[in-house]
Asker: 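One structure, as structure tokens, below. Some questions next.
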Amino acid sequence: MRAIVLTADQRSSRSSADAVPDVLATLARRPTFRAFQRTAGDEIQGVLTAPESLAPVLEDLMRDGRWHVGLGLGQVETPLPTSTREGRGPAFVAAREAVTTARTAPWHLRVAGADVVSRHLESTLWLWAAVLDRRTEKGWQVVDLVDQGLSYEGAGERLGVSQSAVSQRAAAAGLVEGRRARELVAAWAGQWLAGGDA
């Protein structure tokens, strides 16, 4: 079965507090094929098979900013055990390779897989990460409210600022670009999971 295995390892874990409980609580609200679990030390791993699940998980991890993230695109042996830690197959091997090389990669993100989709997905993630990196707390406030369905006017009322101010914050935060990146991540993931190559 084709799957995307995501492995994340905490950066500078020896000199900072354990971030695993917090990130597991955050990721628990995201749909997965196999839930994220601590696999070893300060590392977590989960299995995704729905393309629309990938972008929200990645955005959570990139927003948190404390992780080396590796994606493995490949087959997993079935039946897949309930515990992510017990999974086997090329996707798990690829995820291990990806998270190891993510330590020195742009934005601490790598994608490993056998076809060109892996490279296209990785390129998309690097560009998306550059957008998110410039996003301030005020920018995130606007993005979160708009993602909840509020208009710019409604977001302004909630934040106590003008609609014009919301528009400016949204532009500075790359709200539109971020949404397009999410769509593109889901598209590449969907193409690969469906068995198509670019």
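Count residues from 1 along the sequence.
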Asker: Is it true that atom CZ of Arg134 has more than 12 heavy atoms of other residues, nucleotides or ligands lying nearer than 6.0 Å?
Answerer: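 More than 12 within 6.0 Å, yes.
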Asker: Within a strict 4.5 Å, meaning less than it, do heavy atoms of the Glu122 and Leu109 side chains meet?
Answerer: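 No; the side chains remain at least 4.5 Å from each other.
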Asker: Do Phe92 and Phe33 share a hydrophobic cluster (ILVMFWY, side-chain heavy atoms under 4.5 Å, transitive)?
Answerer: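 Yes; Phe33 is reachable from Phe92 via cluster members.
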Asker: Can you see which heavy atom on Ala112 is nearest to which on Ser118, and at what distance?
Answerer: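 For Ala112 and Ser118, the tightest heavy-atom pair comes out as C-OG, 4.0 Å.
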Asker: Check this for me: does any side-chain nitrogen of one of Arg135 and Glu177 sit under 4.0 Å from a carboxylate oxygen of the other?
Answerer: no
Asker: Is it true that, when you exclude Arg158 itself, more than 12 heavy atoms of the residues, nucleotides or ligands shown sit nearer than 6.0 Å to its CZ?
Answerer: no
Asker: Among all residues two or more places apart in sequence or in another chain, which pass the side-chain contact (heavy atoms from CB on, under 4.5 Å) test with Gln163?
Answerer: Tyr152, Glu153
Asker: Can you tell which of Arg103, His68, Gln45 makes a side chain to side chain donor-acceptor pair (under 3.5 Å) with Asp9?
Answerer: Arg103
Asker: Tell me whether Glu77 contacts the main-chain N or O of Arg88 through its side chain, where contact means a donor paired with an acceptor under 3.5 Å.
Answerer: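 The answer is no, because no donor-acceptor pair under 3.5 Å joins these two groups.
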Asker: Decide if atom CZ of Arg11 counts as having more than 12 heavy atoms of other residues, nucleotides or ligands within a radius under 6.0 Å.
Answerer: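 Atom CZ in Arg11 is crowded, with more than 12 foreign heavy atoms closer than 6.0 Å.
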Asker: Within a 6.0 Å radius of atom CZ on Arg63, are there more than 12 heavy atoms belonging to other residues, nucleotides or ligands?
Answerer: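 Yes, enclosed.
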Asker: Distance only, no hydrogens: is a donor on one side chain within 3.5 Å (strictly under) of an acceptor on the other, for Asp115 and Trp192?
Answerer: yes
Asker: Do Val5 and Leu121 share a hydrophobic cluster (ILVMFWY, side-chain heavy atoms under 4.5 Å, transitive)?
Answerer: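 Different clusters: Val5 never reaches Leu121 through Ile, Leu, Val, Met, Phe, Trp or Tyr contacts under 4.5 Å.
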Asker: Does the pair Arg96 and Glu43 meet the rule for a salt bridge (Lys or Arg N to Asp or Glu O under 4.0 Å), with working shown?
Answerer: CA-CA 11 Å; Arg96 168 59 48 207; Glu43 184 180 276; 2.6 Å; yes
Asker: Strictly below 4.0 Å, N to O, side chains only: are Asp147 and Arg179 in salt-bridge contact?
Answerer: yes
Asker: Go through Leu61 and Leu27 one step at a time and tell me if the side chain to side chain contact (heavy atoms under 4.5 Å, CB included) criterion holds.
Answerer: CA-CA 9 Å; Leu61 291 169; Leu27 295 178; 4.3 Å; yes
